[in-house]
Structure formats: structure tokens, C-alpha cells
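Note sheet for the following structure.
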Amino acid sequence: MTRAYSPIPELNLLKEFEERIGPVYYSDGFELMEYGGGASAGTWSEDPEFLGRLIPFAQANGSGSEYAVWRCDDRADLATLPVVLLGDEGELYVIAADLRELFRLLAVDSEPLVDIGFLAAAVSEPEGGEGEGRQHSQGHREFLVWLEETFGLRPPSPEDLRALWDGRKELDARFRAWAGRFVELHEN
């Protein structure tokens with residue numbers, strides 16, 4: 001019996017998928033890293049309360065941004081906790097309401113951008129979706145199949161991207177109020 005990647009079944013399923021397809025990207029800039037082993041949270045604050053509530057689990061881009069689960073409360077189902085972006089350019093905000101929402105956003109196959117997350121994909125995606133002529137990551141198609149077979153989820157439409165971004169604003173305000181006790185936040 002192999003040791004689980006994390007205490008979160010959804011992340012364990014993603015890790016199994018990642019190991020099955022091999023060393024290829026399936027979403028631009030995204031890569032699982034050691035669960036809870038990210039370095040960027042410690043660059044924001046060394047306060048144990050801050051560090052104890054953020055659990056890094058993946059690279060968000062090629063320049064050092066990370067995704068972390070925010071333990072905003074003590075619920076048992078960690079997959080339902082908000083996901084935050086710990087940015088390499090000073091960004092710190094909720095990117096997704098939970099892990100499954102992040103997985104849908106990863107299906108866009110784009111790195112999140114400063115203070116707009118994946119919204120840039122909503123304006124750059126040509127009519128017809130899945131971007132004819134757009135170069136996708138090598139494992140992208142396999143990821144889309146896995147996402148639908150495993151969770152019944154599909155990539156968000158441009159309208160969905162806007163709704164998802166707007167839908168996380170209340171969580172983001174709550175996160176920023178909490179994080180602001182430990183770090184200086186940029187206006188977004």
C-alpha cells in the first residue's frame with residue numbers, strides 16, 4: 001500500500017492522474033508539489049497562526065506563485081476549503097471557492113494573472129471554446145477527460161469564468177481581513 005499524497009481525496013486523485021500521464025504539463029504553469037511543503041507562505045509571515053492556516057500544495061505558474069488551501073475554519077472536508085494564490089509578485093487572494101472549482105479553472109490551461117485570476121482567458125478564448133489554433137499543454141486533453149470522468153466537471157465558459165471570479169469575492173474579502181492581521185496587503 002502506497003502512502004497517500006495528502007489527507008484530501010481530491011488531491012490524491014489528481015496526484016494519481018499526474019503520475020499516470022507522466023512528466024508533462026496538463027495546465028499551464030500548474031504542478032503539484034510536496035503537500036504542505038511550499039516555501040512562499042513563510043516569506044509572507046512567520047506567525048504560526050498564519051502559517052498554520054495555509055497549506056501549500058502546488059505551483060501556480062513558472063515564476064514561483066503557489067496555491068494553498070486556506071483553513072478558514074476547522075471543517076473536516078478539506079476539499080471544501082477556499083484555495084488562495086500566494087503570488088510571486090505580491091498577490092495574496094482567494095482564487096477558488098474550493099478544490100473542485102480550482103480544477104475547473106485549471107481546465108482553462110492558463111496561468112492566473114495578477115489580481116484577475118483566470119479572467120484573461122475569458123477575453124482571449126475565441127468563439128467555439130477549446131480554442132482552435134490555441135496551443136494547449138501536452139496533457140491537457142487527458143486532464144479534461146479525467147476531470148469529467150472523475151468529477152463530472154467541464155471547463156468553464158467565459159461567462160462561467162466571470163461568475164466564478166465574482167462568486168469568490170466574499171470569501172476573498174474574508175480572507176483579506178484575516179491575512180491583513182499578519183501581512184501588508186496590496187489593494188486589488
Side-chain angles (χ1 to χ4, degrees), residues 1-61 64-88 91-108 111-112 117-118 137 139 142-156 164 167-168 170-172 174-179 181-183:
M1 179 179 208
T2 60
R3 189 175 150 251
Y5 165 70
S6 77
I8 305 173
E10 287 83 347
L11 280 180
N12 294 338
L13 290 168
L14 183 60
K15 180 69 169 170
E16 289 170 11
F17 165 77
E18 192 174 274
E19 289 174 350
R20 181 173 47 82
I21 67 166
V24 299
Y25 282 107
Y26 46 91
S27 184
D28 191 22
F30 182 84
E31 187 175 1
L32 289 174
M33 58 189 200
E34 179 186 347
Y35 178 81
S40 68
T43 64
W44 287 91
S45 172
E46 293 180 7
D47 190 292
E49 183 180 347
F50 181 80
L51 295 174
R53 292 282 177 182
L54 293 173
I55 308 167
F57 64 90
Q59 289 293 131
N61 62 24
S65 296
E66 294 176 3
Y67 292 118
V69 173
W70 175 40
R71 301 238 15 186
C72 59
D73 54 39
D74 293 325
R75 70 184 82 168
D77 187 354
L78 301 179
T80 64
L81 291 167
V83 178
V84 299
L85 178 81
L86 304 168
D88 60 292
E91 317 86 9
L92 189 64
Y93 58 87
V94 171
I95 191 87
D98 57 33
L99 277 174
R100 289 183 187 208
E101 185 172 296
L102 177 67
F103 293 172
R104 281 191 73 205
L105 293 169
L106 293 176
V108 172
E111 291 184 355
F118 292 92
S137 299
E142 292 92 337
F143 177 69
L144 295 180
V145 169
W146 173 84
L147 187 63
E148 187 158 8
E149 288 178 352
T150 307
F151 299 110
L153 299 174
R154 308 185 113 221
L164 291 171
R168 46 118 243 140
E170 187 176 313
L171 275 172
D172 186 54
R174 197 170 132 209
F175 172 72
R176 293 176 64 75
W178 172 81
R181 295 177 16 221
F182 307 100
V183 301

CZ of Phe143 to CD of Glu18, rounded to nearest 0.5 Å, is 10.0 Å
Margin query: Is any side-chain heavy atom of Leu85 closer than 4.5 Å to one of Tyr67?
Written below: yes
Scanning both residues in full, the closest heavy-atom pair of Pro56 with Glu66 reads CB-OE1, 3.6 Å
query: Would a distance-only check, ignoring hydrogens and angles, find a side-chain to backbone donor-acceptor pair under 3.5 Å from Ser65 to Asp88?
result: yes
Is it true that a side-chain atom of Asp172 and a backbone atom of Val94 form a donor plus acceptor pair closer than 3.5 Å?
yes
For Gly139 and Tyr26 the tightest heavy-atom approach is O-CB, 3.4 Å
For Glu111 and Gly29 the tightest heavy-atom approach is OE2-CA, 3.6 Å
When rounded to the nearest 0.5 Å, the distance separating CG of Leu102 from CG of Leu14 is 9.0 Å
Residues 144-153 vs side chain to side chain donor-acceptor pair (under 3.5 Å), sequence neighbours excluded, gives Trp146-Thr150, Glu148-Arg154
Query raised in the report: Do Leu78 and Arg71 touch side chain to side chain, with heavy atoms closer than 4.5 Å?
Result: yes
ask   = When the ring planes of Trp70 and Phe175 are compared, do they come out parallel, tilted or perpendicular, using 30° and 60° as the limits?
value = perpendicular
One should read off an interatomic distance between Arg168 CZ and Glu101 CD, to the nearest 0.5 angstrom, of 9.5 Å
| task | Decide yes or no for Phe57 and Val83: does some side-chain heavy atom of the first lie under 4.5 Å from some side-chain heavy atom of the second? | result | yes
Does the side chain of Leu92 reach to within under 4.5 Å of the side chain of Leu86, using non-hydrogen atoms? yes
In short, Val183 meets Ser45 closest at the heavy-atom pair CG1-CB, 3.7 Å
Compare all side-chain heavy atoms of Phe151 with those of Arg104 and state whether any distance is below 4.5 angstrom.
no
CG of Asp73 to CG of Leu81, rounded to nearest 0.5 Å, is 6.0 Å
In this structure, CZ of Arg53 is separated from CG of Asp47 (nearest 0.5 Å) by 12.0 Å
Exam field: side chain Asp98 to backbone Ala79, donor-acceptor pair closer than 3.5 Å: no
Do Phe103 and Glu10 come within less than 4.5 Å of each other through their side chains, counting heavy atoms only?
yes
- Query: Is there side-chain contact between Pro155 and Val108, with at least one heavy-atom pair below 4.5 Å?
  - Reply: no
Check: side chain to side chain contact (heavy atoms under 4.5 Å, CB included) between Ser6 and Asn12: does it pass, once the steps are laid out?
Finding: CA-CA 6 Å; Ser6 77; Asn12 294 338; 3.2 Å; yes
Rounded to the nearest 0.5 angstrom, the OH-CD distance for Tyr5 and Glu16 is 12.5 Å
task = With side chain to side chain contact (heavy atoms under 4.5 Å, CB included) as the test, would you mind laying out the steps for Glu49 and Arg181 before giving the verdict?
result = CA-CA 10 Å; Glu49 183 180 347; Arg181 295 177 16 221; 2.8 Å; yes
